[in-house]
Visitor: 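Take a look at this one; I'll ask things after.
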Amino acid sequence: MSRDQSFSGGRKYSNDEITVYWKPSACIHASYCYRELLEVFDPGRRPWVDMKGASTEKIIETVNMCPTEALTWKWNEEAKNQPVGSDQSNHIRFRRPELLAQDANAPEENPVTIKIMNDGPIVLKGDFSLAYSGINKDFREAIVSICRCGASEHQPFCDGQHRKIGFIG
Amino acid sequence: MEETKSGKSKTIIEVIDSGPLKITGNIVLKDFKRDKEIPMGEVLLCRCGKSSDKPFCDGSHKNK
């Protein structure tokens with residue numbers, strides 16, 4: 001079942017297991033959602049989210065790639081929700097409980113995954129410290145997108161400009 | 001490389017003003033377009049879009 005309902009600040013979409021929350025004002029058009037999972041996230045369709053398009057696991061994986069709080073998700077069964085990684089005060093991500101248990105046994109510092117997206121940004125994922133413009137910030141279980149085309153208006157972060165300028169790289 | 005309280009190495013990422021992204025530490029790099037060797041220790045990634053050795057910096061940002 002796929003429902004499309006409003007909540008304060010956006011819309012929410014549910015299947016039998018989870019609800020995905022979309023806050024359009026927070027979207028920076030990093031475009032991981034529809035690049036990773038067009039079957040669910042299709043900007044050209046109304047409603048643009050179809051919760052029947054993929055498995056719950058795949059939807060969670062894709063929503064977790066969202067570099068801002070534009071896309072978040074929760075289990076429908078409230079007791080299963082356990083907040084993790086609240087480095088952004090208004091952004092609480094939820095994980096499957098079995099993954100949380102794995103994290104507890106994992107070494108404190110995991111390798112940081114650096115993804116170079118096709119014609120897109122550098123995506124940093126994991127635990128790291130980031131220094132930019134005189135700021136030094138520790139990130140934990142974070143996903144941060146860094147501009148690679150040089151055209152972002154929110155440097156050093158990606159704001160989706162690479163698509164507008166037709167960046168190839 | 002900075003050591004954390006647990007003694008494990010910490011990954012440090014530095015955005016160099018008008019320059020590349022400098023990454024030092026324990027990383028896994030995945031380039032979806034190219035098959036490039038991952039240098040150990042320190043990586044400099046292009047941020048200006050002009051490098052001819054993408055995803056790495058080749059100093060092209062200095063040329064106007």
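Bear in mind the structure is a predicted one, so any value in this text is a computation, not a measurement. Below, chain A is the first sequence line, B the second, and so on; all start at residue 1. We use all heavy atoms of the structure for the numbers below, so side chains are in, but hydrogens, waters and symmetry mates are not.
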Visitor: Would you call A:D119 and B:K33 a salt bridge, taking side-chain N to carboxylate O under 4.0 Å as the test?
Guide: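 B:K33 and A:D119: salt-bridged.
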Visitor: Counting only non-hydrogen atoms closer than 4.5 Å, does A:L130 touch chain B with its backbone (N, CA, C, O), its side chain (CB onward), both, or neither?
Guide: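 Answer is both: backbone and side chain atoms of A:L130 are under 4.5 Å from chain B.
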Visitor: Name the member of A:G120, A:G150, A:P121, A:S133 that forms the most heavy-atom pairs with chain B at distances under 4.5 Å.
Guide: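 When all of A:G120, A:G150, A:P121, A:S133 are compared, A:G150 has the most.
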Visitor: Return yes if some donor-acceptor pair links the side-chain N/O of A:S129 with the main-chain N/O of B:I12 below 3.5 Å, else return no.
Guide: no
Visitor: Is chain A contacted by the side chain of B:I16, its backbone, both, or neither, given a heavy-atom distance below 4.5 Å?
Guide: neither
Visitor: State, yes or no, whether a side-chain contact exists between B:F56 and B:C46 at a heavy-atom distance under 4.5 Å.
Guide: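 They are not in side-chain contact.
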Visitor: Quick one: do the A:T56 and A:N15 side chains pair a donor with an acceptor below 3.5 Å?
Guide: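 Per modelled atom types, A:T56 and A:N15 side chains form a pair under 3.5 Å.
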Visitor: With rounding to the nearest 0.5 Å, note down the distance linking CH2 in A:W22 to CZ in A:F41.
Guide: 11.0 Å
Visitor: At under 4.5 Å between heavy atoms, what parts of residues 161-169 of chain A are in contact with chain B? List them by residue number.
Guide: A:F167, A:I168, A:G169
Visitor: Is it the side chain or the backbone of B:L21 that comes within 4.5 Å of chain A heavy atoms, both, or neither?
Guide: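 Contact with chain A is through the side chain of B:L21 alone.
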Visitor: Could you have a look at A:L124, A:V144, A:V123 and say which one has the most heavy-atom pairs with chain B under 4.5 angstrom?
Guide: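 Heavy-atom pairs under 4.5 Å are most numerous for A:L124.
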Visitor: Hey, does A:I59 have a side-chain heavy atom less than 4.5 Å from the side chain of A:M51?
Guide: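 Result yes, sub-4.5 Å side-chain heavy-atom pair found.
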Visitor: Using only heavy-atom distances, determine whether the side chains of B:S52 and B:D58 contain a donor-acceptor pair under 3.5 Å.
Guide: yes
Visitor: Side-chain contact, heavy-atom cut-off 4.5 Å: B:H61 with B:P20?
Guide: yes
